[in-house]
There are 2 protein chains.
Amino acid sequence: MRPSAKKIASVLRQKGHKLTAQRRAVINVVVNSGEHLAPAALYERVRRAHPAIGLVTVYRTLEMLHELGLICRVHRGEKHGYTLAPSGHHHHLVCTECGIVADFTDCDLEVLQQRLSQQTGFKIEGHLLQFLGYCRDCQGGT
Amino acid sequence: MRPSAKKIASVLRQKGHKLTAQRRAVINVVVNSGEHLAPAALYERVRRAHPAIGLVTVYRTLEMLHELGLICRVHRGEKHGYTLAPSGHHHHLVCTECGIVADFTDCDLEVLQQRLSQQTGFKIEGHLLQFLGYCRDCQGGT
DNA sequence: TACCTAACTGAAAACAAGTTTCATTTATAA
DNA sequence: TTATAAATGAAACTTGTTTTCAGTTAGGTA
Ligand SMILES: [Mn+2]
Ligand SMILES: [Mn+2]
Ligand SMILES: [Zn+2]
Ligand SMILES: [Zn+2]
């Protein structure tokens with residue numbers, strides 16, 4: 001269950017953030033794109049609705065939404081991608097050819113985490129899990 | 001079982017790479033540091049033995065060693081760390097406070113991978129798994 | 001409604017990690 | 001030795017992101 005633009009706006013207000021035209025524009029793009037877009041790609045799209053917006057503002061807004069837990073971040077080499085977070089903890093399956101990302105939720109790492117914690121003395125707070133491969137469309141070609 | 005400087009040198013030669021003083025210096029630092037050092041940190045240390053070396057050469061050497069499977073790479077935000085690879089597939093437990101890294105080998109992700117492959121049609125080639133937390137030394141303080 | 005002000009914005013500069021270019025040097029096979 | 005492909009390092013460049021700062025604005029208050 002992914003939050004709507006309305007829901008996101010209300011969270012912002014509730015947390016004392018201002019609801020500017022720029023932020024609305026960013027939120028709209030994020031809400032209306034299923035993909036995990038990199039900041040630059042997102043910026044391109046946001047500009048269609050709000051040509052005057054600066055890339056900085058896009059970065060700042062994404063950062064804010066991420067801190068509020070409203071969007072998730074994918075790590076792809078140097079670049080980052082963002083989308084609306086489906087509710088709660090999830091991970092990614094990334095196509096190394098075209099960059100498309102699929103989400104999944106059940107990682108079942110508790111047992112492993114428990115064991116590692118015991119063996120190493122680390123207090124484990126989280127994990128990063130990503131599968132890499134070729135999506136259906138990219139399996140044929142070079 | 002981590003390769004020795006000698007072993008590494010012989011692999012390089014065998015693959016047709018030249019064995020330069022700079023490469024020797026980089027290899028020595030990597031071999032003699034248990035930690036996963038970022039390229040910049042590694043560069044600092046290499047300079048102690050070989051002050052004239054350029055950072056580029058460090059990058060190039062690390063890249064080469066990585067391609068030959070002789071060292072492993074950790075992903076920490078933007079920065080990368082390297083050390084000698086323990087033999088084969090392994091993963092990392094990273095302390096978000098001090099950056100120390102512990103290795104582990106048994107990830108048991110085959111079942112999950114199989115299921116995801118089936119569900120999404122992805123041909124999965126690899127994965128990235130990392131646990132994040134606080135090492136023993138960093139659990140007390142702020 | 002008309003202010004007030006902390007929050008927000010965007011241009012530009014700064015930054016950080018990594019890569020490319022290219023003239024010079026060097027390891028090593030012949 | 002010598003020849004030469006491989007390797008080096010300085011400097012310039014790229015890419016993604018952050019900082020700075022002077023000006024603008026959302027939204028609470030009188
Ligand atoms: Mn996601
Ligand atoms: Mn390792
Ligand atoms: Zn693909
Ligand atoms: Zn630590």
Rounded to whole Å, how long is the line connecting atom [atom1] of [X] with atom [atom2] of [N]?
{"X": "A:Arg73", "N": "D:dT17", "atom1": "CZ", "atom2": "C1'", "result": "11 Å"}
{"X": "A:Leu12", "N": "D:dA26", "atom1": "CG", "atom2": "P", "result": "14 Å"}
{"X": "B:Glu63", "N": "C:dT19", "atom1": "CD", "atom2": "P", "result": "7 Å"}
{"X": "A:His80", "N": "D:dT17", "atom1": "NE2", "atom2": "P", "result": "6 Å"}
{"X": "B:Ile53", "N": "D:dT8", "atom1": "CD1", "atom2": "C1'", "result": "9 Å"}
{"X": "A:Leu19", "N": "D:dG27", "atom1": "CG", "atom2": "P", "result": "6 Å"}
{"X": "B:Arg23", "N": "C:dT25", "atom1": "CZ", "atom2": "C1'", "result": "14 Å"}
{"X": "B:Ile27", "N": "D:dA7", "atom1": "CD1", "atom2": "C1'", "result": "14 Å"}

Q | Candidates C:dT28, D:dT17, C:dC8 - which lies nearest the side chain of A:Tyr59 | A | D:dT17
Q.
What's the closest nucleotide to the side chain of B:Val56 if the choices are C:dA11, C:dA6, C:dT20?
A. C:dT20
(Q) Taking the six-membered ring for Trp, are B:His127 and B:His89 closer than 6.0 Å centroid to centroid? (A) yes
Taking only the side-chain nitrogens and oxygens of [X], find out if one of them lies under 4.0 Å from OP1 or OP2 of [N].
{"X": "A:Thr20", "N": "C:dT9", "value": "yes"}
{"X": "B:His17", "N": "D:dA7", "value": "yes"}
{"X": "A:Gln22", "N": "C:dG10", "value": "yes"}

Q. Taking for each residue the nucleotide of DNA chain C with the nearest heavy atom, is it B:Pro39 or A:Thr61 whose nucleotide lies nearer the 5' end?
A. A:Thr61
Q | Polar pair under 3.5 Å, donor/acceptor by atom type, side chain B:Arg60, base D:dG9 | A | yes
Q: Select base, sugar-phosphate, or nothing to describe what A:Ala52 touches, counting heavy atoms under 4.0 Å on all strands.
A: sugar-phosphate
Q. Once you round to the nearest 0.5 Å, how far does OH of B:Tyr82 lie from NE2 of B:His66?
A. 6.5 Å
Q: Nearest 0.5 Å please: distance from the CG atom of A:Leu70 over to the CD1 atom of A:Ile27.
A: 8.0 Å
**Q.** NZ/NE/NH1/NH2 to OD/OE distance under 4.0 Å, B:Glu35 and B:Arg45
**A.** yes
Q) Any donor-acceptor pair under 3.5 Å linking the side chain of A:Ser117 with the backbone of A:Phe122? A) yes
